[in-house]
Trainee: 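Below is one structure. I have some questions about it.
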Amino acid sequence: MAKITVNGEAQEVQLPLSLTELIKQNNVEQPEMVSVQVNEEFADRTEWDGIQIKDGDSVDFLYFMGGGA
Amino acid sequence: MSAIDKYLKNNMIDLTEEQIHRYSRHILLKDVGVEGQEKIMNARVLVVGAGGLGAPVSLYLAAAGIGRIGIVDADVVDLSNLQRQVIHFTKDVGVAKVKSAKEKIQAINPDVKVDTYYEFLDSSNALDIIKEYDFIVDGTDNFPVKFLINDACVMAGKPFSHGGILRFNGQTFTHLPGTACYRCMFQGPPPAGVVPTCSQAGVLGAIAGMLGTIQAAETLKYFTGVGELLTNRLLTFDAKTMQFLTVNVKHRDSCEICGTNPSIDHLIDYEQPACELKKH
Ligand SMILES: [Zn+2]
């Protein structure tokens, strides 16, 4: 078990775990509508599959919000 | 004249008696004072979109005494706008939003000069319009224009406030030259077709007020120099739980527009009709 933080909240996850799998586990409905940073560094979506989550990582999902009118 | 007004008048140079009275609650703030109020009165702000966000932004900036407010919007008021676009009234249905907004702004504060742009912001006019203003507020409802505003402001070296709302959620950040931009965080628009906008997805009317007033406060903070702006931070909230979350974000060296080797050297008009996508 590894302890990580997702959007400021503590989570326990089983390693190995890729960023893509973490996104799935967190029920992100539309991965196209989210931008992700790991430890405050932007994670390019083309690299999500290859990014392995480590103990202590802090992951942020930033959701696209296009409304305003 | 009240004691407060008298006190203020004795400590003041340029403002008229009426202005001292009107802005007394700003002037009384130590961090603002007469100097801060004068900065507000010399400020020029462009509000893009006279809708859910643009309405509260324009109302509060007008009340605050911003010297010049430009409003860009190509739409006319629709009955379904009135649930949240509080600058427009029932009698305004069918009227150009910029005209309706100008009327309310001047009713609140005749000192404010209002420029109206009854057109869409696009790659052909964005830089020309933006250059007349000191601070830009994004109150638009679609990604193509949000990225256009970002790119134009980065190119022109202008600060801006980004705003987005969806259902019960809102997000905002403030950009100053050199700090994280919209592309630093989101790279580019999501693929067309997966994107819900306000009009398709719905939005709780008051959410627009919550987010718009944050944007107005950031604008006033920018001009008065008070406190810390929402730079390099993305603020999001979920009104269902009333949880506010601030995520630190960074200027990204590989950013397509503000990075070391920007790949974008001109403004882009992305194809993505705002409100007619994907019907669920
Ligand atoms: Zn950037």
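The chains referred to below are lettered A, B, ... by the order of the sequence lines, with proteins before strands, and numbering in each begins at 1. Bear in mind that the values here come from a model prediction, so they are computed numbers and not experimental data.
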Trainee: Below 4.5 Å, heavy-atom pairs only: which of Asp73(B), Leu234(B), Asn81(B), Val247(B) has the largest tally toward chain A?
Mentor: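 Most pairs with chain A among the choices: Val247(B).
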Trainee: Given that the side chain runs from C-beta out, which part of Gln171(B) has a heavy atom under 4.5 Å from chain A: side chain, backbone, both or neither?
Mentor: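 Both parts, heavy atoms under 4.5 Å.
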Trainee: Which distance, rounded to the nearest 0.5 Å, do you find between the OG of Ser18(A) and the CH2 of Trp48(A)?
Mentor: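 Going from OG on Ser18(A) over to CH2 on Trp48(A), the span is 11.0 Å.
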Trainee: Side chain, backbone, both or neither: which part of Gln37(A) has a non-hydrogen atom closer than 4.5 Å to chain B?
Mentor: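 The side chain, not the backbone.
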Trainee: Determine the sole option in Ile207(B), Thr246(B), Asn169(B), Leu245(B) for which the side chain to side chain contact (heavy atoms under 4.5 Å, CB included) test with Phe237(B) is passed.
Mentor: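 Among Ile207(B), Thr246(B), Asn169(B), Leu245(B), the one that satisfies the side chain to side chain contact (heavy atoms under 4.5 Å, CB included) with Phe237(B) is Ile207(B).
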Trainee: Mind checking whether Phe147(B) and Phe143(B) have parallel, tilted or perpendicular rings, split at 30° and 60°?
Mentor: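 Ring orientation, 0 to 90° scale: tilted.
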Trainee: Could you tell me which of Ala55(B), Gly52(B), Gly51(B) has the largest number of non-hydrogen atom pairs under 4.5 Å with chain A?
Mentor: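 Result: the option with the highest number of such pairs is Gly52(B).
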Trainee: Once you round to the nearest 0.5 Å, how far does CD of Gln11(A) lie from CG of Leu22(A)?
Mentor: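 Separation between the atoms: 6.0 Å.
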